[in-house]
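First up is the structure itself, then whatever we jot down about it.
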Amino acid sequence: MRPSPHRTPELLLALLALAAQASAQQTPALWPWPRSVKVSPELLNIAPENFHIFHGRNSRASPSCSLLQEAFQRYYKYIFGFYKRHHGPANFQGGAQLEQLQVSITLQSQCDSFPTVSSDESYSLLVQGPVSFLKAKRVWGALRGLETFSQLVYQDSDGAFTINKSSITDSPRFAHRGILIDTSRHYLSVKTILKTLDAMAFNKFNVLHWHIVDDQSFPYQSTAFPELSNKGSYSLSHVYTPRDVHKVVEYARVRGIRVIPEFDTPGHTQSWGKGQKDLLTPCYIEKRKTERVGPINPTLNTTYTFFNTFFKEISSVFPDHFIHLGGDEVDFRCWLSNPDIQNFMKKKGFGDNSMSLESFYIKNILDIITSLKKGSIVWQELFDDNVELRPDTVVEVWKNENYLANLKEVTSSGFKAILSAPWYLDIISYGQDWKKYYRVEPLKFDGSKKQKQLVIGGEACLWGEYVDATNLIPRLWPRASAVGERLWSPETVIDVDDAYSRLVRHRCRMVSRGITAQPLFTGHCGH
Amino acid sequence: MAGCRLWVSLLLAAALASSATAVWPWPQYIQTYHRRYTLYPNNFQFRYHAASAAQAGCVVLDEAFRRYRNLLFGSGSWPRPSFSRKQLILGKNVLVVSVITAECNEFPNLESVENCLETFSQLVWKSAEGTFFINKTKIKDFPRFPHRGILLDTSRHYLPLSSILDTLDVMAYNKFNVFHWHLVDDSSFPYESFTFPELTRKGSYNPVTHIYTAQDVKEVIEYARLRGIRVLAEFDTPGHTLSWGPGVPGLLTPCYSGSRPSGTFGPVNPSLNSTYDFMSTFFLEISSVFPDFYLHLGGDEVDFTCWRSNPNIEAFMKKKGFSDFKQLESFYIQTLLDIVSDYDKGYVVWQEVFDNKVKVRPDTIIQVWREEIPVDYMKEMEEITKAGFRALLSAPWYLNRVTYGPDWKDMYKVEPLAFHGTSEQKGLVIGGEACMWGEYVDSTNLVPRLWPRAGAIAERLWSSNLTTNMDFAFKRLSHFRCEMLRRGVQAQPISVGYCEQEFEQT
């Protein structure tokens, strides 16, 4: 099937789009759409110099909570700072004004903690004059509420900042809403990663799945094994130092975003071999050793000693409870070609079943992770191959064929699941593919209520074979926004036309906040 | 045609090394040697040959020398080379430039020298220690096709002036020489006309911010000229003209539903004299604003349903004895072409004008954009040239379409002359264009979508038909993409890997 060639049938669409843009100014361009929204036609004016975001009197958070203080400043800037037009002192002829947003945290704030998979992100927002109220149990909900509040404010035709009186209660449908970035196929500068975290917060994503190393390069600078990046990175300027990693983790934390690192083994590990001798399996051709190496060598004790030390470091560098262990696309041929591996398998009674060997390897790794009091996420192959997993392992479903059936199987075995199969954003095509991502319903499989609760969320994956800092942002946004709403909003929010009219404006808002999100279709932004 | 002869044999000797090949597009004739020379930024000079027809004061070249000096060595100051070691400076490094016929202030320009300088700049490389080198090299070069274009669409999305100027820079790096500016279309009319200011006032996205003023247009043309690039302006009619309507009442055909106007409009109304009066005045302005001999008059995708619905059109056709809307379209196009001919302009049109058998002047250039309809594009090329018209190919080069993976390879593999025809016919293929339509493209994603994919087309149109080795092309294009990054161009990767200097997020 070809994309429509020249520029034929889109004219009508273009006009509809323009019409939609015009008429949709009435409803706020909230993205993702909250659980419950009541918008009154009554308007409030906001004068930037006479508007403040404060801690509420009974809030459990105080000005010493820098996470919130910074968020207040950030959102003040998002609301007012990016508009160039000059305004004189407030001069609203008797119109009602909004002067304050009071933010109250009702339980222990968790201001200095890291967000987790069970962090409470719910909030309620009451917009009225002269004081509006944002209430949340924890700081995480306050961050989401501030984003929503900032999306409610708009400039009327005279350039005056305006907000409708409204009342919103909101909480996410899924707890795990992730973006995968791949820094091995192409290195991404820290600046690019931080930009991505900004955009994630605008879309209420809460997990950065950092596929940090792979075959092509090993940019993670390990303190225990510095040779890994010395030898395995593209160059010494293409590395993430401990300081870089810390910066990313903290930048994410204050935006309510978890950072889950992925160290994919035993496959996808060519770059590890350069800095760590004997870690990879030598491949044989007709009983002769070759220069080629394959997956991690699972037969040597040294392998597990290495991983013990390595993951000990990882578990302290990355504060999140979960580590992604990969486990996808293991090429068994190299293992089977190697006589030492054959002997080992014989000794262990695996016969020639390479899946048993894989299982043996993974079990050892999972045990290491458990001993470090961390949780594991793995790609679906380990489940498909009947590898013995610990019951608290989370399985990520990525294979596009029958992914709903896969979710059903994973959850019927009692495992938690993350869906990414329909959301591989590196696969591009002509036109509005965001609609395809938007129409996915993750729970559309036969299964008990309990099973469906085991689906903890999903991830939009931007693999890096053809992506680096030059094209990451426009390729990711606003296409990932479609996934963002699917994972946050109630399952009843499925009207594509309504989504289009909001997303067009949300995209322009991202552009005005410095995110070069690409256009959905013909048209223009107001700035 | 004045070719480029580049003989690099500078006055300095240095140690052995081989140069990295980042030369793109590949020259017609090139011989490289192991012998390399050191370039010292402070000492290096571009100089006019004493016998050159162009001398200092030739703006195009003076500017080009300055530009390429910056591209090569950066605009900052460089530390003086230290002479303390055994290396001895024997003289200055000089690139001597000689031009046979100077056309410094003309629009048919010094393109070949420009391209020569570009090639020279691609030969220079830098060692890990930061020393600049160039290998002894002999090059004789000239383009295979004279028309090598990029189409940008500033109607579906407005592109800021800076995006256009940046694109012209990168076009020069790739030896493109035609900027096909699809200025206006249904969606918006950003071209500010001084005879009809209402066109932008009512037809642009925003009459203050989303327009091209006369000054903007002038700047684009001059910026392009200094880089050896022609600006081919397109004002597409009679279809694709909805944005013209609000500014020129009566120009578009009112569509009818039943016996009444429905309030919607179709193509330009070909039945009114006022239409041709307007076009006369409008294209008089366009002919003077755009200095290139050619204008692009569009003529694609005319939708007949609105014409069909309108009783006045029906009456007009009866009067003229037309039985077919193609005849009506022909009538319009022929009248328009006569108008433009009177202004001593040549014209390019989309293939429909040929397909619909509109009678056109023999020097008309036909641009082929449809891949399969009415016939395969190669067949179309055959038919157009058989009829004696010159042809431009863009059908396989629609860069706005994206797919996963290295799609530049498919575009690279296109051979524009792979059709049955005499050598005379093949001589009528004057080149091609990479088209970046704007439905899904604006300044947020234009650059990475365009580069280095358009580079594949640049080489196909410049280099010999024997330059087809994919591995060789891949290696050079990877290098060249890194070189573009070094020059600040946000060119996307074509495979896994890295560049010494990556793109910096702002």
Side-chain angles (χ1 to χ4, degrees), chain A residues 2-8 10-11 13-15 18 184-192 194-195 214-217 233-235 237-238 424 426-432 464-475 477 507 511 514-527, chain B residues 153 155-158 185-188 204-206 209-210 240 242 264 300-301 303 350 369-373 395 398 400-406 435 437-449 451 481 485 489-506:
Chain A
R2 279 181 190 285
S4 85
H6 202 37
R7 21 209 182 120
T8 357
E10 322 222 289
L11 168 60
L13 283 172
L15 295 173
L18 288 176
S184 173
R185 274 60 178 258
H186 285 98
Y187 178 82
L188 299 171
S189 67
V190 171
K191 224 170 169 178
T192 302
L194 301 187
K195 262 271 191 258
D214 205 294
D215 284 329
Q216 285 77 7
S217 75
S233 67
Y234 279 134
S235 89
S237 55
H238 291 78
Y424 266 37
D426 55 316
I427 312 285
I428 50 171
S429 57
Y430 184 72
Q432 301 203 37
E465 282 85 349
Y466 299 100
V467 176
D468 69 4
T470 61
N471 57 357
L472 177 118
I473 303 275
R475 196 162 286 200
W477 309 107
R507 177 255 166 179
V511 171
I515 305 296
T516 53
Q518 69 180 11
L520 288 176
F521 192 54
T522 305
H524 73 289
C525 294
H527 40 79
Chain B
D153 169 1
S155 173
R156 275 54 176 262
H157 285 98
Y158 178 81
D185 205 293
D186 286 324
S187 315
S188 76
S204 67
Y205 281 134
N206 179 321
T209 54
H210 288 55
H240 289 282
L242 281 186
T264 61
D300 59 321
E301 300 182 313
D303 180 2
W350 295 109
W369 69 272
R370 309 194 71 159
E371 279 195 289
E372 285 159 346
I373 300 170
Y398 266 36
N400 50 311
R401 291 185 207 158
V402 290
T403 53
Y404 181 75
C435 299
W437 295 103
E439 284 86 347
Y440 301 101
V441 176
D442 69 5
S443 61
T444 62
N445 57 354
L446 171 75
V447 181
R449 196 170 282 207
W451 312 108
R481 180 246 164 185
L485 282 189
V489 182
Q490 200 177 338
Q492 71 180 8
I494 58 173
S495 177
V496 297
Y498 74 105
C499 298
E500 284 299 335
Q501 189 171 330
E502 302 281 7
F503 174 72
E504 268 304 316
Q505 202 77 45
T506 50

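Chain letters run A, B, ... following the sequence lines, proteins first, then strands; residues in each count from 1.
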So which heavy atom on Glu504(B) is nearest to which on Lys191(A), and how close?
OE1-CD, 4.1 Å
Point-to-point distance, once rounded to the nearest 0.5 Å, from OG1 of Thr516(A) to CG of Leu446(B)
12.0 Å
Which atom of Gly523(A) lies closest to which atom of His157(B), heavy atoms considered
O-CD2, 2.8 Å
Using a 4.5 Å cut-off on heavy atoms from C-beta on, say whether the side chain of Pro406(B) contacts that of Tyr466(A).
yes
Spatial distance of atom OH (Tyr440(B)) from atom OG1 (Thr522(A)) [nearest 0.5 Å]
7.0 Å
Bottom line for His186(A): the part with an atom under 4.5 Å from chain B's heavy atoms is both
Once you round to the nearest 0.5 Å, how far does CG of Leu520(A) lie from CD of Glu439(B)?
13.5 Å
Ala491(B) meets the side-chain contact (heavy atoms from CB on, under 4.5 Å) criterion, sequence neighbours left out, with Trp451(B), Pro452(B), Arg481(B), Met484(B), Val489(B)
Tyr498(B) and Tyr234(A) aromatic ring geometry - parallel, tilted or perpendicular at 30°/60° bounds:
parallel
Applying a strict 4.5 Å limit to non-hydrogen atoms, the region of Leu485(B) in contact with chain A is side chain
Distance in Å, Tyr158(B) OH paired with Cys525(A) SG, rounded so as to fall on 0.5 Å steps
14.0 Å
Compare every heavy atom of Asp468(A) with every heavy atom of Pro493(B), then report the nearest pair and how far apart it is.
CD-OD1, 3.4 Å
Looking at CD of Gln492(B) and CG of Leu472(A), how far apart are the two atoms once the value is rounded to the nearest 0.5 Å?
11.5 Å
Most heavy-atom pairs under 4.5 angstrom with chain B, which of Ser429(A), Ser237(A), Ser235(A)?
Ser429(A)
Where on Cys499(B) is there a heavy atom nearer than 4.5 Å to chain A: the side chain, the backbone, both, or neither?
backbone
Under 4.5 Å from any heavy atom of chain A, what part of Glu502(B) do you find: side chain, backbone, both or neither?
side chain
Distance, nearest 0.5 Å, that separates CG of Asn445(B) from OG1 of Thr470(A):
11.5 Å
At a 4.5 Å cut-off on heavy atoms, which part of Ile473(A) comes close to chain B: side chain, backbone, both, or neither?
side chain
Tell me, side chain or backbone of Gln518(A) under 4.5 Å from chain B's heavy atoms, or both, or neither?
both
